[in-house]
K.L.:
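First the structure, which I've put down as structure tokens, then a few questions once you've had a look.
Keep in mind that this is a model prediction, so the values were computed, not measured. Start at 1 and go down the list; that is how both ligands and their atoms are numbered.
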Amino acid sequence: MTDQGAVARVGVVCGSRSDFAVMEKATALLDSLGIVSELHAISAHRAPELLDRFVTGAQSRGIRIFIAGAGGAAHLAGVVASKTLLPVIGVPIPTQVAGGLDSLLSIVQMPRGVPVATVAIGGAENAALLAAEILALSDPQLSARLQTYRDGQTRAIEGDASNENLTGQSAGGDVAGGR
Ligand code: RP5
């Protein structure tokens with residue numbers, strides 16, 4: 001997740017250490033794309049002053065995007081967004097009570113004026129990919145690595161044994177066959 005001495009570009013924060021299992025999927029994917037991140041457990045309601053220090057000091061340390069994951073009445077991403085002009089991506093953490101629908105609605109229904117880009121419940125990997133795409137706007141080498149990632153997942157599907165009989169067919173189907 002963090003390289004000794006390397007500058008972290010993505011600040012990943014979550015409301016509790018119990019969220020780490022989900023959020024570490026984001027840091028692992030960022031890592032695989034060569035993006036250094038830092039991961040913190042800082043509750044917006046249990047440690048508001050520490051959260052303020054983390055967010056307000058982040059940009060000068062090199063952070064360019066935040067990923068914030070929380071569960072239940074999940075206000076963390078909105079609070080982070082309220083303190084910065086850097087993009088904030090929210091990850092709704094699955095919960096026992098409502099399967100994470102509570103977290104999803106808390107994060108996605110951010111009122112007008114302060115945006116949070118929300119991914120699916122438990123969607124930490126997509127949060128990492130979205131953060132990477134934003135960083136890639138000004139980093140052609142990262143853009144190339146993202147293309148390699150996309151190509152790899154396409155090839156994996158094309159190479160799946162269930163698709164063996166489709167190999168070599170055009171994507172549009174067999175037009176001559178008069179479907
Ligand atoms: C939220 O409450 C956290 O984001 C976590 O998803 C949930 C439960 O936290 P713990 O009780 O496990 O610390 O603030």
Side-chain angles (χ1 to χ4, degrees), residues 1-4 6-137 142 146 149 153:
M1 176 203 1
T2 47
D3 267 359
Q4 295 294 337
V7 175
R9 295 294 177 203
V10 183
V12 183
V13 62
C14 51
S16 169
R17 275 193 161 264
S18 65
D19 301 330
F20 273 8
V22 172
M23 300 308 287
E24 280 170 352
K25 293 179 189 166
T27 56
L29 186 42
L30 290 168
D31 207 24
S32 75
L33 290 167
I35 300 168
V36 179
S37 64
E38 52 181 49
L39 174 62
H40 301 271
I42 309 176
S43 164
H45 56 280
R46 290 181 282 215
E49 285 163 17
L50 180 59
L51 182 66
D52 185 60
R53 280 209 297 282
F54 165 64
V55 178
T56 56
Q59 190 162 2
S60 62
R61 291 202 316 277
I63 296 294
R64 294 293 172 263
I65 300 176
F66 291 98
I67 297 175
H75 38 247
L76 179 66
V79 173
V80 170
S82 76
K83 296 173 184 291
T84 181
L85 291 177
L86 296 177
V88 178
I89 303 168
V91 180
I93 299 291
T95 59
Q96 301 280 340
V97 179
L101 194 56
D102 44 354
S103 321
L104 173 65
L105 293 176
S106 299
I107 298 174
V108 79
Q109 290 288 49
M110 191 66 192
R112 179 172 62 88
V114 178
V116 170
T118 308
V119 296
I121 297 168
E125 284 151 316
N126 267 3
L129 290 170
L130 183 54
E133 288 175 6
I134 295 168
L135 291 172
L137 288 169
L142 175 56
L146 270 170
Y149 177 91
Q153 68 184 0

K.L.:
At what distance, to the nearest 0.5 angstrom, does SG of C14 lie from CD1 of I67?
P.N.:
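Going from SG on C14 over to CD1 on I67, the span is 11.0 Å.
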K.L.:
How far does CD1 of I42 sit from CG of L76, to the nearest 0.5 angstrom?
P.N.:
8.5 Å
K.L.:
Give, for atom CG of L39 and atom CZ of F20, the distance between the pair rounded to the nearest 0.5 Å.
P.N.:
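So the gap between those two atoms works out to 4.0 Å.
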K.L.:
Using a cut-off of under 3.5 Å, which N/O atoms of ligand 1 pair up with protein N/O atoms, and what distance separates each pair?
P.N.:
| from | atom 1 | to | atom 2 | distance (Å) |
| --- | --- | --- | --- | --- |
| ligand 1 | 4 (O) | D19 | OD2 | 2.6 |
| ligand 1 | 4 (O) | G71 | N | 3.1 |
| ligand 1 | 6 (O) | D19 | OD1 | 2.6 |
| ligand 1 | 6 (O) | D19 | OD2 | 3.4 |
| ligand 1 | 6 (O) | G71 | N | 3.2 |
| ligand 1 | 12 (O) | S16 | OG | 3.4 |
| ligand 1 | 12 (O) | S18 | OG | 2.6 |
| ligand 1 | 13 (O) | S16 | OG | 2.7 |
| ligand 1 | 13 (O) | R46 | NH2 | 3.2 |

K.L.:
Between V116 and A81, what is the shortest heavy-atom contact and its length?
P.N.:
CG2-CB, 3.8 Å
K.L.:
Short question: side chain of R64, backbone of L86 - any donor-acceptor pair under 3.5 Å?
P.N.:
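No, because the side chain of R64 does not come within donor-acceptor range (under 3.5 Å) of the backbone of L86.
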K.L.:
Please, which pairs that meet salt bridge (Lys or Arg N to Asp or Glu O under 4.0 Å) have at least one residue in residues 99-109, sequence neighbours excluded?
P.N.:
none
